[in-house]
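These notes are about the structure you will find just below.
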Amino acid sequence: NNQNLIDGLNKLPDNLTLTPVFNKAKNQELAEGVSREIIIKEIQSGRANGFGLITGNLSGYLLAIDCDGPTAHELAEKLGGLLKTVSWTSGKEGRAQYLYLVPPEYREALKNFIGKFWNGNQGEQLELRYNSMQSVLYPSVHPETGGYISINSFEDTPIAESPTWAIEQFWMETGQPTLDFTKTPQQDPIPLIKCLSREH
């Protein structure tokens, strides 16, 4: 019900950038994030039955890893595994999302990265969601299962640092950045990640 949604919304950390959604779909006019007061009004009016997290820079450099079925979890394990962190599920078999923090040393290099996905068996996907991507949060309504459910909540679980394999996938997609050698390291230190080749 509406009060359950509003209570869940008010428990979320203040630094998250959120947008109202209806049956998982975001309102394109409010897609860049709005205040919680506006989301509450959208819920009370019936125009929204949930809310989504805008991942990436707008929410403090948060990355969502979305496992869309058992084979997606298997692929994540092969790539390096998933550390315990804030996570939730739609209630469908093998479906869950995991929220991670991108470390400071990688943020500049990844500031324009949006996401990446792999197709698995039976149409299942493993997806990395970063800048401007949306992840619907619990306890929002899900059109097939009724609602999203917390696995490890924001209240009880710290957000873990992003797995190294996810950062490596970003790096492979973005390529080697151009370094600016007109500044001395004392003026603007160059992150070590920018000095490495893609192979490294």
Report whether [X] and [Y] are members of the same hydrophobic cluster (ILVMFWY, side-chain heavy atoms less than 4.5 Å apart, transitive linking).
| X | Y | answer |
| --- | --- | --- |
| I54 | I65 | no |
| L12 | L62 | yes |
| I6 | V141 | no |

Heavy-atom pair with the smallest gap, counting every atom of [X] and [Y]:
| X | Y | result |
| --- | --- | --- |
| F51 | P139 | CZ-CD, 3.8 Å |
| T157 | T85 | CG2-C, 3.6 Å |
| I159 | L101 | CG2-N, 3.8 Å |
| S135 | W88 | CB-CZ2, 4.0 Å |
| L82 | E77 | N-OE2, 3.8 Å |
| S59 | T17 | OG-N, 2.8 Å |

*Qualifying salt bridge (Lys or Arg N to Asp or Glu O under 4.0 Å) pairs with a residue from residues 83-102, counting only residues at least two apart or across chains*: D68-R95, K92-E144
*Would you mind listing every salt bridge (Lys or Arg N to Asp or Glu O under 4.0 Å) that reaches into residues 42-56, with sequence neighbours excluded?*
E42-R47
Heavy-atom side-chain proximity of [X] to [Y] below 4.5 angstrom:
| X | Y | value |
| --- | --- | --- |
| L63 | I167 | no |
| L110 | V102 | yes |
| S90 | Y148 | yes |
| C67 | Y98 | yes |
| Y138 | S153 | yes |
| Q97 | S87 | no |
| L18 | L137 | yes |
| Q134 | L53 | no |

*Check whether the side chains of K116 and Q169 place a donor and an acceptor atom closer than 3.5 Å, and report yes or no.*
yes
_Does either side chain, that of N112 or that of N131, offer a donor lying less than 3.5 Å from an acceptor on the other one?_
no
Roughly how far, to the nearest 0.5 Å, is [atom2] of [Y] from [atom1] of [X]?
| X | Y | atom1 | atom2 | answer |
| --- | --- | --- | --- | --- |
| L126 | E74 | CG | CD | 11.5 Å |
| T55 | L16 | OG1 | CG | 11.0 Å |
| L75 | Q125 | CG | CD | 11.0 Å |

*Other residues, nucleotides, ligands: >12 heavy atoms within 6.0 Å of I114 CD1*: no
*ring pair (Phe, Tyr, Trp, His ring centres under 6.0 Å) with Y100: which residues, sequence neighbours excluded?*
none
